[in-house]
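Please read the structure below before turning to the comments.
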Amino acid sequence: MGLLDGKVVIVTGAGRGIGRGEALECSAQGAAVVVAEFDADAGEAVAKEIVAAGGRAVAASGDVADAEVANRLVSTAVSEFGQLDALVNNAGILRDRTIAKLSDDDWDAVIRVHLRGHFLPTRAAVQYWKDAKRPGHVVSTASTSGLLGNFGQTNYGAAKAGIAAFSTIVAMEGARGGITSNAIAPTALTRMTLDLMPQEFRDKHDASVAAGEFDFFAPENIAPLVAFLCSDASAHISGKVFGVQGDSIEIFQPFTSVAEVTNGGKKWDPEDIPGRIDELFSASGIPAGAENMMAKMRYQILAEH
Ligand SMILES: NC(=O)c1ccc[n+]([C@@H]2O[C@H](COP(=O)([O-])OP(=O)(O)OC[C@H]3O[C@@H](n4cnc5c(N)ncnc54)[C@H](O)[C@@H]3O)[C@@H](O)[C@H]2O)c1
């Protein structure tokens, strides 16, 4: 018995990395999987791996930010496996540059793949669930780069913070129909992140894995939470953003107002603001200047691992 016995799940960007792990875990938990992937060979290989292990899977190649492809994912789930129960939006790319050097193309490509690549499959899935009067689960992929900010990633961070907001609003809209929507902010060593790590870190990591220690950064570590969020066991959980890496599952608090100054029922005069704004910083403990929120993460990739 698995958490997803008899269920049908679409995983986008499932040809490698985190998405591959999610597709394999959903299959291991009993689901039939639509392996959605831009790189057709990689997608076919994962679908074959699932079938060879006794599972049910079909590869669907194409760009998930293309409406025809996104719609086809849902119709493929229904035509191949009879229904759709969950959608995992995972496909993504990086084009890191600091803002002054960021090209129009690198901005557009990242925003398109992440935001449009989440919007289109989610719209198709929600339309299907509403028409079929069925419950459903959406899991979207945000990032600490969006929730906290990360140097050189205005495009990616903006997209990922947008995904967290998108997911929260899908949750609000889906609540009456039994449609849940949650987001994850994962961390793993994959093609996307490996090149960003210093050689010293990679050597240390490879040595600890060779020594048989738990691989904290294996992309497969993300999948158990995602399989759970695709299942009816999580039907009471929606609109949340979870951090996930290694053996850790965290919950993020949404943006929350933590201090206020008011002006006695009158419109503010800009000249009065300098004398009052510091009240916000002293009441909240938030510093006035730019902060590196990544440095305050519960675990530090480079310091501890
Ligand atoms: N690896 C991390 O530490 C990390 C951290 C935060 C967020 N993420 C997010 O997790 C997700 C998976 O990342 P990963 O690290 O496994 O990366 P990856 O590069 O290993 O895998 C991403 C997969 O998505 C596919 N893809 C990209 N654009 C696509 C498109 N338009 N249509 C269909 N498929 C497409 C790629 O071909 C690739 O197979 C991404 O959304 C990424 O932003 C990863």
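Both ligands and their constituent atoms are indexed starting at 1 by order of listing.
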_Steps toward side-chain contact (heavy atoms from CB on, under 4.5 Å) verdict (H137, D232)_ = CA-CA 8 Å; H137 307 291; D232 293 338; 3.0 Å; yes
*Protein residues that have a heavy atom under 4.0 Å from any atom of ligand 1, sorted by chain and number*: G13, R16, G17, I18, E37, F38, G62, D63, V64, N90, A91, G92, I93, V113, H114, T141, A142, S143, Y156, K160, P186, T187, A188, T190, R191, M192, T193
*asked:* Please determine whether ring-ring contact (aromatic ring centres under 6.0 Å, His included) holds for the pair F228 and F242, giving the CA-CA distance in whole Å, both sets of side-chain angles, and the decisive distance to 0.1 Å.
replied: CA-CA 12 Å; F228 165 70; F242 296 97; 8.1 Å; no
*Hey, which of R20, R191, R16 is the one that makes salt bridge (Lys or Arg N to Asp or Glu O under 4.0 Å) with D39?*
R16
*Presence of salt bridge, K204 and E200, under 4.0 angstrom*: no
_Below 30° counts as parallel, above 60° as perpendicular, anything between as tilted: where do the rings of F216 and F214 land?_
perpendicular
*Do you see a donor-acceptor pair shorter than 3.5 Å between the side chains of Q127 and D131?*
no
